[in-house]
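The sequence lines fix the lettering, A, B, ..., with proteins before strands; numbering per chain opens at 1.
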Amino acid sequence: NAGVTQTPKFRILKIGQSMTLQCTQDMNHNYMYWYRQDPGMGLKLIYYSVGAGITDKGEVPNGYNVSRSTTEDFPLRLELAAPSQTSVYFCASSGQGPYGYTFGSGTRLTVV
Amino acid sequence: AQTVTQSQPEMSVQEAETVTLSCTYDTSESDYYLFWYKQPPSRQMILVIRQEAYKQQNATENRFSVNFQKAAKSFSLKISDSQLGDAAMYFCAYRSAPEGAQKLVFGQGTRLTINP
């Protein structure tokens, strides 16, 4: 019963490098999300998806891209990493109805 | 846009005592859901309790209960018989009820310390 799986758990990037954060869920949820959590702060929505092939921007989308080719996978792409992107990134999924999210365990990203 | 405010950055309580964490929110919607999440040092986000706005009865989950005041747009979390394992960041979150993207809006969090 994996739930939401995020990889990697930790990563250090140099300024200007790119990387993809992977997210996979096995609950057949239609909705998937990417959030970032800066130190001592709440979570802010980067991008979300309501189903395969459909994505939309959240509150803080600049510097990121996403795709949703399957129900299970929702990778987050960072292009030209900047120190401001140092954060903890959470992927989450949810089904229909009054339920909360199922979260992944997070990725701690440091850009130096 | 909806906003969620947690006015207590930090709280502490003696083990076995009761503590209440505050949360207020701003919305023009009448139908929505509210949540409390716990984030221990492991970083994992754990759902503690949820409340549906159309329900007048306050939600309860074992030692955790809420005081939902819809008119005041207030949603506080009460933890009874506090345990060392309750030490964590607690986040209040809001979600619109109509089916759709179901985006959660989070507050800034309250760090709860349990003193033995």
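The hydrophobic cluster containing B/L112 also contains B/F75, counting ILVMFWY residues as joined when their side-chain heavy atoms lie under 4.5 angstrom apart, directly or transitively. If you chain together hydrophobic residues whose side chains sit under 4.5 Å apart, B/F68 and B/W36 fall into the same group. Note on A/I46 and A/L78: same hydrophobic cluster, where clusters join Ile, Leu, Val, Met, Phe, Trp and Tyr whose side-chain heavy atoms are under 4.5 Å apart, directly or indirectly. The hydrophobic clustering, which links ILVMFWY residues whose side-chain heavy atoms are closer than 4.5 Å, places A/F90 and A/M41 apart. Residues B/V48 and B/L21 share a hydrophobic cluster, clusters being chains of Ile/Leu/Val/Met/Phe/Trp/Tyr side chains in contact below 4.5 Å.
For B/Y37, the part lying under 4.5 angstrom from a heavy atom of chain A is the side chain only. At a 4.5 Å heavy-atom cutoff, the contact between B/L104 and chain A is made by backbone and side-chain atoms alike. If you measure heavy-atom distances from B/R43 to chain A, the contacts under 4.5 Å come from both the backbone and the side chain. Residue A/E59: no heavy atom, backbone or side chain, is found under 4.5 Å from chain B. Interface residue A/L45: only side-chain heavy atoms are found under 4.5 Å from chain B.
Side chains of A/Y101 and B/M45 form no contact here, defined as non-hydrogen atoms less than 4.5 Å apart. Proximity of B/Q39 to A/F103: side-chain heavy atoms (C-beta onward) are nowhere separated by under 4.5 Å.
A/Y89 pairs by the ring-ring contact (aromatic ring centres under 6.0 Å, His included) definition with A/Y64, not counting sequence neighbours.
Nearest heavy atoms, A/Y33 versus B/K103: CE2-CA, 4.2 Å.
Crowding of B/K70 atom NZ: a count of heavy atoms from other residues, nucleotides or ligands under 6.0 Å exceeding 12.
Among residues 3-17 of chain B, no residue has any heavy atom closer than 4.5 Å to a heavy atom of chain A. For a heavy-atom cut-off of 4.5 Å, chain B lies close to A/S105, A/G106, A/T107, A/R108 in residues 105-112 of chain A.
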Counting only pairs under 3.5 Å, give me each side-chain donor-acceptor contact of residues 12-21 of chain A, with atom names and distances, residues two or more places apart or in other chains.
residue, atom, partner, partner atom, Å
A/Q17, OE1, A/K14, N, 2.8
A/S18, OG, A/E79, OE1, 3.3
A/S18, OG, A/L80, N, 3.4
A/T20, OG1, A/R77, NH1, 3.0

